[in-house]
S.K.: 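Before I ask anything, let me first share the structure, which is written out below as structure tokens.
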Amino acid sequence: RKEVEQDPGPFNVPEGATVAFNCTYSNSASQSFFWYRQDCRKEPKLLMSVYSSGNEDGRFTAQLNRASQYISLLIRDSKLSDSATYLCVVNKTYYQLIWGAGTKLIIKP
Amino acid sequence: IAGITQAPTSQILAAGRRMTLRCTQDMRHNAMYWYRQDLGLGLRLIHYSNTAGTTGKGEVPDGYSVSRANTDDFPLTLASAVPSQTSVYFCASSGGGGDTDTQYFGPGTRLTVL
């Protein structure tokens, strides 16, 4: 089993729709969780950190479920510019992050 | 310079050759990292440095070496390249180096080993 697993997609979603995807992780001791965004094999960029209480940033909402060991990302009112690959990231040690392979999202007009 | 730069942008290399990928940051970040990204896999940590003068091994360090002579530069060397090292290499940095810090990435180096 991979340490961080994501559905590779692609998720094909019409503009304006709501889309959600999950990421599961295997290390129950993990404490830090993130969603990064990567466009077309360019460099990853932080989208948001994921806190225990859940957090929201505009149209994006992230949730953490420690009991089931998954984090989720919800995108509301999706825009064409949201098309990207979303990378789930979980810490393994203080200096090492484990990266999921990513979920590809395609927003269609 | 603003952020992190990497050089070269891309490179085709014959197997057995030595290659150094360069990474420079101007954000005065303490920690720097080298990752490789392969299709279908997440980014995998090769080596890291939590401050100038120190380095550590990541998940896939074999065949690679790094040095951190100063805060800004973190070169990655392939002593004798092999085809399995064909990948996209990303350098990253973060302020404190802890696992809660945002990592900022360079644009990547696309390396093909033939």
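Residue numbers begin at 1 in each chain, while the letters A, B, ... track the order of the sequences.
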S.K.: Do other residues, nucleotides or ligands put more than 12 heavy atoms under 6.0 Å from Arg17(B) CZ?
M.R.: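 Not more than 12 within 6.0 Å, no.
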S.K.: Tell me, side chain or backbone of Pro44(A) under 4.5 Å from chain B's heavy atoms, or both, or neither?
M.R.: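 When you check distances to chain B, atoms from both the backbone and side chain of Pro44(A) fall under 4.5 Å.
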S.K.: Quick check on side chain to side chain contact (heavy atoms under 4.5 Å, CB included): which of Leu97(A), Val89(A), Leu46(A) does Gln103(B) satisfy it with?
M.R.: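 For Gln103(B), the side chain to side chain contact (heavy atoms under 4.5 Å, CB included) check succeeds only for Leu97(A).
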S.K.: Identify whether Tyr86(A) and Val4(A) are in the same connected component of the hydrophobic contact network (ILVMFWY, side-chain heavy atoms under 4.5 Å).
M.R.: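 Same cluster.
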S.K.: Any residues in residues 71-80 of chain A near chain B, with a heavy-atom distance under 4.5 Å, and which are they?
M.R.: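 From residues 71-80 of chain A, none sit under 4.5 Å of chain B.
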S.K.: Leu43(B) versus chain A, heavy atoms under 4.5 Å apart: side chain, backbone, both or neither?
M.R.: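 Both backbone and side chain of Leu43(B) come within 4.5 Å of chain A.
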S.K.: Counting only heavy atoms closer than 4.5 Å, note whether Tyr35(B) contacts chain A via side chain, backbone, both or neither.
M.R.: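 Side chain of Tyr35(B) only, per the 4.5 Å heavy-atom cut-off to chain A.
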S.K.: State plainly whether one hydrophobic cluster holds both Tyr104(B) and Trp34(B), where clusters connect Ile, Leu, Val, Met, Phe, Trp and Tyr through side-chain heavy atoms under 4.5 angstrom apart.
M.R.: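 Not linked; separate clusters.
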S.K.: Name the region of Arg110(B), side chain, backbone, both or neither, that has any atom closer than 4.5 Å to a heavy atom of chain A.
M.R.: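 Answer is side chain: those atoms of Arg110(B) sit under 4.5 Å from chain A.
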S.K.: Check whether Leu64(A) and Ile98(A) end up in the same hydrophobic cluster, where Ile, Leu, Val, Met, Phe, Trp and Tyr are linked by side-chain heavy atoms less than 4.5 Å apart.
M.R.: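 Both belong to a single hydrophobic cluster.
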S.K.: Going hydrophobic residue to hydrophobic residue with side-chain gaps under 4.5 angstrom, can you get from Leu76(B) over to Val88(B)?
M.R.: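 Unlinked, Leu76(B) and Val88(B) end up in two clusters.
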S.K.: Quick check on the structure: residues of residues 99-109 of chain A within a heavy-atom distance below 4.5 Å of chain B, by number.
M.R.: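 When heavy atoms of chain B are the reference, residues 99-109 of chain A contributes Trp99(A), Gly100(A), Ala101(A) within the under-4.5 Å range.
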S.K.: Below 4.5 Å, heavy atoms only, C-beta onward: do Phe105(B) and Gln38(A) meet side chain to side chain?
M.R.: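 Not in contact.
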S.K.: Drop me the distance from Glu43(A)'s CD to Gln6(B)'s CD, to the nearest 0.5 angstrom.
M.R.: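 Output value for this atom pair is 8.5 Å.
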S.K.: Verify the neighbour count for atom OH of Tyr89(B): are there more than 12 heavy atoms of other residues, nucleotides or ligands below 6.0 Å?
M.R.: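 Count over threshold, so yes.
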S.K.: With only heavy atoms counted, which part of Tyr36(A) is less than 4.5 Å from chain B, the side chain, the backbone, both or neither?
M.R.: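 Contact with chain B is through the side chain of Tyr36(A) alone.
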S.K.: Same hydrophobic cluster for Leu45(B) and Val90(A), using side-chain heavy-atom links shorter than 4.5 Å among ILVMFWY?
M.R.: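 No, it is not one cluster - the side chains of Leu45(B) and Val90(A) are not joined through contacts under 4.5 Å.
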S.K.: Check each atom of Lys42(A) against the heavy atoms of chain B and say whether the ones under 4.5 Å are side chain, backbone, both or neither.
M.R.: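 It is the backbone, since no side chain atom gets that close.
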